[in-house]
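For reference, the structure discussed in these notes is given below.
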Amino acid sequence: MVRTLVLAGLILLMTQLPGTIERVAFPQLGSHFTILPHLLASSHTIMNGLSKFSHGNPELVTFRETVYSLGSLLLVFVVSPSLFYFSLRRYFLKFDRPRLPRVTSLLRTSFVISLVLMIIPDTILQYTLRHTVRNAESVRTVKDDMINTVNLIAQDASFFRVMPRAQGGGGGSYDGFEPSTSHLKTEWAAFSIRQNRQELIINGSVIKNPYLLWKSEDTNAVPEAGLSVILDKQGRLKEWTYTGLFR
Amino acid sequence: MEKTTFTIEIKQDVSYVFLWIVAGIVLVSAAFFSQDRIAELWPAINAGGIAGILYALAVMAFTMRSPVKTRIRLASFIGFAITFSFLCASWLTTQEQSRWQHDRILEIRTVIGRLISSVVVSDTLLNTFAEYYAQLPHRRHTLGEVFKGRNPTVAEGLNLYKPQWAGDTLRRIYVHTLSKDSIVLIATDRGASGRNNSFVNYNRTVGKIQERYTLTEKGLNRESEN
C-alpha cells in the first residue's frame, strides 16, 4: 500500500518535473524543456513562422534548443527503455542477486509510467486540436478574403465619387457606382451594394462552405456567414456587422 | 566512531545496462547530429527518433529473450507497440500541424502586407485625385504636378512610404513613373512572400509581394505582379 502511494506520488511529480526544473534551476531561460522531443521541435517551427512574420528572417536553432532536444531524445528512447526493460528482465527471472535500492526502482518505474501516461492523452489532444484549429482557421481565412474584397470595392467607390459626372464618375456621390464583376463574385463569396442617401451599404455572404477550404467533403450545404459595412461620404468604412459563422 | 565502508561492485547485469545505454547514446546522437539543425529541428529530431525506436526495439528484444516466458515476451511487445504507436501518431500529427501553422502564419503576413499597401497607396492617390478634380473647371496643374505638389521630396525611383509603427521597416512604396498624366507606384514588402518564389522585385529582393498601382484621369488601376 505504501509503495503504491509512493509510486503514484512519484508519477505525479514526474509529469510536473520538467516545468519544475525549468522554473527552479533555470529561471532565466525562455525555452520550455519537455520530455517529448517533438513538442520542442513544433514550438520552434511556430516561433520560426512568427519571427518571419515580424522581421522577415527565420529564428535559427539555438545551442540550448539543440541540447534540450537531444536530451529529451536520449531520455525517452535510450535511458528509460534500457533501465525499464533490464529491471523487468531481472524481476521476471527472479535473479538471486542483490537488487538496486527500492527508491531507484520506484523512480525508474514511475518515470516510465508517467511517460506512457503523457503520450496517450497528448496524441488524442493533437488530433482534436488539429480538427478545431483547421475549422477555425478556414472560417477566418474566408472572412479575411471577404474583408479584403470589401476594401477594394470601397476604394473603387471612393475614386468614383471623386470623379466628376462629366468624366463618368459620381460627382460627389455614389450614384451609378457599380463594382467590377471580379469583386461582385469571388471564389467564396458574393457581394451586393445598396445606396442609402450619401452612403453605400456593402453586403457579402459566402457561397461555398468555408470548412471545405482545406478538406474535401461530399456536401453542398453552405452555412450562414456574412458581413455588412457602410461606406460613408468621407470614404470611411464603419459599422461592420458579422453574421453566422463570422460572428 | 563507527566507520562505514561502502563497496560498490559492478555486477555483470549493471555493466550490460551501462554498455547498452552508452551504445544508445552514441547511436541516437550520431543520427541527431547527422542532420541539418540551422533553421528547423525536425530533420534532426526525426533522425534521432528513428534511431531511438530501433534502439528501444533492440533493447526490448535483448532483455525479453529466453528464458523469459513467451507470454511475458508477447505482453512486453504489445505494450511497446501500443506506446510507440501512440508516440509516432502524436509525433507525425504534431509535425504536420506545426508546419501547417507556420505556413498559415506566413500567408496571413502576405494578406496583411497586400492590404496595408493597398490602403496606404489608395489613400495617397485618392488625395491627389480629389485635389486634381477639385481644380475644375479651371484646371491649372496636371495629375503629375498635383502629386508632386503634395509630395515635394519624391522622385522616380524613391520610396515614399513612411513607417506606421516602430517595427514597420519592411514595407516600401516606390514611385516608378511620374508623368503629367499618370503616376505609377510599386509596393513591395520584404516580410511577405509572393506567389512566385523566384520573382525579382523592383527593389532587388526575390520572391516577395509586389503590387503595381497606376493612377490616371480615369481612376486607379491595380495589378498584382507577385
Side-chain angles (χ1 to χ4, degrees), chain A residues 36-42 44-46 48-50 52-56 58 60-61 65-66 69-70 73-74 76-79 81-83 85-86 88-90 92-93 95 97-98 116 119-120 122-123 126-127 129-130 133 137 144 148 151-152 155-156 158-160 162-164 167-168 235, chain B residues 11 13 16-17 20-21 24-25 28-29 32 37-42 44-45 48-49 52-53 55-56 59-60 63-64 67-69 72 76 83 86-87 89-91 93-95 97-99 101-102 104-106 108-109 111 115 118-119 122 126 129-130 133 136 167 170 190-191 217 219-220:
Chain A
L36 302 175
H38 56 292
L39 297 184
L40 190 60
S42 162
H44 178 83
T45 299
I46 294 172
N48 219 350
L50 293 173
K52 287 178 190 174
F53 185 102
S54 306
H55 315 295
L60 303 180
V61 175
E65 285 172 327
T66 302
S69 50
L70 180 62
L73 275 172
L74 295 176
V76 170
F77 290 106
V78 176
V79 175
S82 302
L83 295 180
Y85 280 112
F86 273 98
L88 209 63
R89 179 179 176 81
R90 186 186 302 113
F92 285 122
L93 294 184
F95 281 172
R97 295 177 192 179
V116 172
I119 288 169
I120 294 172
D122 175 67
T123 307
Q126 290 298 325
Y127 273 110
L129 205 64
R130 183 176 182 272
V133 166
E137 190 58 24
D144 285 349
N148 198 36
N151 271 295
L152 294 177
Q155 288 170 17
D156 289 346
S158 297
F159 278 88
F160 176 86
V162 163
M163 203 185 306
Q167 310 291 329
Chain B
K11 303 290 184 181
D13 58 341
Y16 272 153
V17 176
W20 270 94
I21 288 176
I25 288 171
V28 170
S29 302
F32 181 83
R37 294 176 321 280
I38 298 173
E40 223 188 13
L41 271 171
W42 283 112
I45 290 260
I53 286 179
Y55 169 81
V59 163
M60 188 199 66
T63 53
M64 294 294 111
V68 173
K69 291 177 185 170
I72 294 170
S76 171
T83 303
F86 271 95
L87 182 62
S90 170
W91 194 294
T93 305
T94 304
Q95 178 174 324
Q97 182 66 13
S98 65
R99 283 183 168 157
Q101 283 183 258
H102 169 274
R104 290 292 79 71
I105 288 169
L106 297 186
I108 291 169
R109 179 63 177 84
V111 168
L115 186 60
S118 170
V119 169
S122 175
L126 184 63
F129 201 63
Y133 277 113
L136 292 177
L170 304 177
R190 280 193 291 125
E217 281 189 345
L220 179 66

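None of the values given here were measured: they were computed from a predicted structure. To find a chain, count down the sequence lines: A is the first, B the second, and so on, and within it residues start at 1. These values consider heavy atoms only, across backbone and side chains, with no hydrogens, waters or symmetry-generated copies.
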Taking the side chain as every heavy atom from C-beta outward, state whether [X] and [Y] have any atom pair closer than 4.5 Å.
X       : Y       : answer
I105(B) : K52(A)  : no
Q97(B)  : L129(A) : no
P67(B)  : R89(A)  : yes
T63(B)  : L88(A)  : no
H44(A)  : W42(B)  : no
L74(A)  : I21(B)  : no
F77(A)  : Y55(B)  : no

For [X] versus [Y], what's the shortest heavy-atom pair and its separation?
X       : Y       : value
A41(A)  : L41(B)  : CB-CB, 3.9 Å
V162(A) : A130(B) : CG1-CA, 3.4 Å
F53(A)  : R109(B) : O-NE, 2.9 Å
S90(B)  : Q126(A) : OG-CG, 3.9 Å

Among the options [options], pick out the one with the most heavy-atom pairs lying under 4.5 Å from chain A.
options                          : value
V119(B), V28(B), I108(B), T83(B) : I108(B)
A56(B), G24(B), S122(B), S29(B)  : S122(B)
K69(B), M64(B), R190(B), Q95(B)  : M64(B)
I25(B), L126(B), V111(B)         : L126(B)

Can you tell me how far [atom2] of [Y] sits from [atom1] of [X], rounded to the nearest 0.5 angstrom?
X       : Y       : atom1 : atom2 : value
L115(B) : L152(A) : CG    : CG    : 8.0 Å
T94(B)  : L40(A)  : OG1   : CG    : 12.0 Å
E40(B)  : T45(A)  : CD    : OG1   : 4.5 Å
I46(A)  : Q101(B) : CD1   : CD    : 4.0 Å

Under 4.5 Å from any heavy atom of chain A, what part of [X] do you find: side chain, backbone, both or neither?
X       : value
R37(B)  : both
I38(B)  : both
I45(B)  : both
L106(B) : side chain
F129(B) : both

**Request:** Please work out which of the three classes, parallel, tilted or perpendicular, describes the rings of W91(B) and H38(A), given edges at 30° and 60°.
**Result:** parallel
**Prompt:** Who are the side-chain hydrogen bond (donor to acceptor under 3.5 Å, both in side chains) partners of S158(A), not counting sequence neighbours?
**Reply:** none
**Item:** Those residues that, when tested against S118(B), pass side-chain hydrogen bond (donor to acceptor under 3.5 Å, both in side chains) (two or more places apart)
**Value:** Q155(A)
**Request:** Go through the atoms of N48(A) and report whether side chain, backbone, both or neither lie under 4.5 Å from a heavy atom of chain B.
**Result:** both
**Asked** Does Y127(A) offer a backbone N or O that forms a donor-acceptor pair with the side chain of T93(B) under 3.5 Å?
**Response** no
**Message:** Just so I understand: if I count every heavy-atom pair under 4.5 Å between each of V79(A), L50(A), D144(A) and chain B, which residue has the most?
**Reply:** L50(A)
